[in-house]
Amino acid sequence: MHSTDLLHERKAFSITTCTRCTQTTTKILKISVHRCGSQMEFACSHVVCNWGSDGTAGNSQFGPDYENSMILQTGPSPPPLPPRRLRKPRPISLPSMSFLPSQLPVTPFSLPPPVPPRLDLLEEENRFKVNINVISLGLGKLADMSQDAGLETFQNPVICGKCSAALSCLSSVWKKLWVCEFCGYENGVDESLAQVCIGQRAGVRTDDLYLPRMSEDDYQNLEDTMVVFCVDISGSMTVTTEVTSNNGSTVHISRLEGIQDALQRTLTFTLQQTPRRRVALVTFNDEVVIYGDGTRAPLTIKDWALVDYEHIWKQALGYSVPHCIAETHQHLTQRVKELRENGATALGPAALASVALASKYPGSKVILCTDGRANIGLGDMEQAQSSHAAAPYFYRELALQAVEKGVIISVMSFKGTDCCLADIGRLADVTGGRVNIVSIGTMATEIQSISEDNVLATSVTATLLAPDGVYFPYADENNHKLVREIGNVTKGLEITFQFAVKPDYMEYCLQRNTLPFQLQLSFKTRDQQKVTRIITEQRPVTTSSQILLGRLNTAVLAVHCAQLCAGLTMEGRVTEAQKQLEAHQNLLHHISRLRPIQKEESIYGNWMETMTTICGNMKADSQSLSDEAAEVVYQMKRASSLSSNYTAHVQKKTLARKKVMEAV
C-alpha cells in the first residue's frame, strides 16, 4: 500500500497471543480514519513563528528579512522580475552589497538558495499587525455523527501522562517508550499496545473517534427534548403596530396579538414536523405562570417567591410535562388564545423557571420573547444603581446553569424597544442560542427557525494542544494547551483560536521545521452517547517575510476577526477591538490589491465596517450598547463562514442594522 493510501485506509488492530505456543496473531478491528475535511482549518498553511505578542511581526533571526525560499506559491510561477528602472526602491531591511555570502547567518532549512523577492508582494508586509496563526473549528460538522458512520472505534486513546496529548500519527514509539511530541514527556507504552497503534501512526493527519460501550442507563430517546416558550404578557405588550393584512387593508395589532399568532403557527408547524416532541408554555408579568403542556392546572409564582432562586428552581423542576405536542396541541393553542396583557415584567424569574423546566431533557430549548426591561424579582434592571450590578451576574449564572443542563436559550425582542439586550443576551450567547430583534410580521418565521431541532451535541469540551513554546493570545492560560467549555453545539457552529510562538522558542521551532497540533473534542450525542474525537496534524514553520498574503484563507481570518472583536466589545475593551478591526481591514485591503476580491470577502469587509461603526459609537457616547447594536455584536460572536445558511440570514440582518446605525 502506498503511503498516500494510508491516509484513507488506516485500521485498528488487536493482538492475540496463543497460551500454548506464544505465537501472536493480528486481527483487524475497525476502520477509524476520517478523510480530510473542512472541520479544522488554518488561516495559513504555515506557522508564522515570528509574530510578536504586541501584534507586530518581528524580523527573522535566521537569514535576511526578505528571504523568500519558502514562499507559498502553489500556482503558476510568478511573472519575471520587472526591469531595474521600474523596480521600487530597495527596502531598508535588505543587506548592503558588501554583505558577503560567507557572512550570511546559518538557516536551519536544507533548501536551495533563496529566490529573489517579489517586491510588489512583500512591500510593507511586516507592517501588518494581524496574527495569521488562526485555527477554525467547525464544531457543527465535528459533532455531526450522521456523517461518520463506520469510523468509530471502541478503543481508548493512549494519553500522555503530562499534557494529556493522545498517541497519534505523529508519535514515535521505540522500545516501549513514547516521547510526547507536544511536551517532551517520556511515556512508557506497553509493547502490545504499541503494535495496536501502528495503524494510528500512518500518514500525517488522523481523525479518530473513541466510543465507550453504552449501558442501557445511558440511552435517551431522541424525541425526549422540549421547547419552552417563555412569553412576556406585561402591560407594555398592549402597544400596537400598523400592518398590512392579506386583503391589502391596514390594521393595528398589539405585540401580544402578534406573539399569539406566531405561537399558534409554530405549534401547528411543530405538530407536523416533530409530533413526538414536548412543548411547554411559561408566561410572565408581575407573576410567573407555568402552564407546561397545557393539560394540568397552571403553577403560579409571585410575591416573595420571585426573589428566591432555589424555590423557583425546585417548583419548576417538579412540574411534570408528560405529553408530546401530538397530544397537547389543542390544549396549548387554547392557553395561548386566552393570554391577556397587564402588570410588570418578571423576566428573570420566568427565565429561571423555564430553564429548570427544560433541564430534565438535555438538548432542550427555551425561547424567551419580551418587549421591555425586567423590573421585578430576580434580574431586575430598574433597581437603584448600587443593586443594578447584581442583574448581569444573575443572567451569567443562569446561563452557566443552563449550559450544565444542556439547555439552549434564545432571546427575542421587538423593534423600537429597550430590553437591556446586552445583559439578557448573555443567556443566548453562553448557551449557544440566538439573539434577534423582530417585527410582528417576521416573528412567526423567526420562532419556527429557532425552535427547529438542530441540536447536535451537549456537554461539549474542546481541548487544543500545540507544542511547548506555543501559546494562545486572549486565552486565560499562557501555555501550549487550551481548554474551552463549549456546552451545546448546533448546526453551523464554528469557533476560532489564534496562537503564537514565544520569542524564546522561535529558534527551536524553526529548527524543528514542523509543529504538531491536536484537537480533542469530547461531547455527548443526542442519545447521550459519550464521544471523544481526536484530530492530529502538523504544519511547517516559516517567518512572516516568506508568506504570500494572497494565499491566506480570508474566510478563517474574517470569522476570527468578527468573533474576537465582538467578544472584546462586549467586555468593554473597545479600543482594543478597534485596533484589531483596523489591522484586519488593512490586511483585506492589501490582499485585494494582490488578486481580484471575491464576493464573500466583500461581505466579510461589511462585517468589519459594521463592527467599526458600533465601536465608534460606543467610544463617542461612552455608553453601553443599544439593543440594535447588541443584537449585531452577539451575532458576530457566533459568526461562521458563508457556507452556512444561518450566516447568510444573519448577513442580511447585519447589513440592515448597519444602515440604521450609520443613519443615526
Any non-hydrogen side-chain atom of Val403 less than 4.5 Å from a side-chain atom of Glu485? no

Strictly distance-based, threshold 3.5 Å: is any side-chain N or O of Thr266 a donor or acceptor partner for the main-chain N or O of Ala262? yes

Test applied, side-chain contact (heavy atoms from CB on, under 4.5 Å); reference residue, Ile486; option that passes from Thr458, Leu137, Leu493: Leu493

Return yes if some donor-acceptor pair links the side-chain N/O of Gln260 with the main-chain N/O of Val336 below 3.5 Å, else return no. yes

Dump the intermediate steps for side-chain hydrogen bond (donor to acceptor under 3.5 Å, both in side chains) on Thr442 and Thr445, then the final yes or no. CA-CA 6 Å; Thr442 62; Thr445 303; over 6 Å; no

Please confirm whether the backbone N or O of Cys324 pairs with a side-chain atom of Asp293, one donor and one acceptor, at under 3.5 Å? no

Quick one: list whatever passes salt bridge (charged side-chain N to carboxylate O under 4.0 Å, His left out) with Asp308, sequence neighbours left out. none

Given the ring of Phe523, does Arg533 sit roughly above its face, with NZ or CZ under 6.0 Å from the centre of the six-membered ring and within 45° of the axis? no

Can you check whether Val366 reaches Leu357 side chain to side chain, under 4.5 Å on heavy atoms? no

Go through the structure and list residues passing side-chain hydrogen bond (donor to acceptor under 3.5 Å, both in side chains) with Thr238, not counting sequence neighbours. none

Taking side-chain hydrogen bond (donor to acceptor under 3.5 Å, both in side chains) as the definition, give me every residue that meets it alongside His584, ordered by chain and number, with sequence neighbours left out. none

Just wondering, do Leu482 and Phe497 contact through their side chains at under 4.5 Å, heavy atoms? yes

Salt bridge check, Asp418 against Arg373: does any charged N sit closer than 4.0 Å to a carboxylate O? yes

Is the backbone of Thr496 close enough, under 3.5 Å, to the side chain of Gln563 for a donor and an acceptor to pair up by distance? yes

Keeping the roles fixed (side chain from Asn436, backbone from Val438), state whether a donor-acceptor pair exists under 3.5 Å. no

Value for CD (Glu631) from CD1 (Ile614), rounded to nearest 0.5 Å, stands at 9.5 Å

Can you name the salt bridge (charged side-chain N to carboxylate O under 4.0 Å, His left out) partners of Asp429, sequence neighbours left out? Lys637

Under the rule for side-chain hydrogen bond (donor to acceptor under 3.5 Å, both in side chains), what residues qualify as partners of Gln401, not counting sequence neighbours? Tyr309

Any Ser413 side-chain heavy atom under 4.5 Å of Leu421 side chain: yes

Quick one: ring pair (Phe, Tyr, Trp, His ring centres under 6.0 Å) pairs with a partner in residues 250-305, sequence neighbours left out? Trp304-His311

Side-chain donor-acceptor pair present, Thr417, Asp371, cut-off under 3.5 Å: no

Using modelled atom types only, decide if a donor and an acceptor are shared between the side chain of Glu494 and the backbone of Ser641 within a distance under 3.5 Å. yes

Can a donor-acceptor pair be found, under 3.5 Å and without considering hydrogens, that links the side chain of Lys365 to the backbone of Ile450? yes

Spacing of CD belonging to Glu287 relative to CD1 belonging to Ile376, to within rounding of 0.5 Å: 9.5 Å

Kindly compute the distance separating CD (Glu576) from CG (Leu568), expressed to the nearest 0.5 Å. 5.0 Å

Taking Ser449 for its side chain and Glu446 for its backbone only, find out whether a donor-acceptor pair lies under 3.5 Å. no

For the side chain of Asp423 and the backbone of Pro392, is there at least one donor-acceptor N/O pair under 3.5 Å apart? no

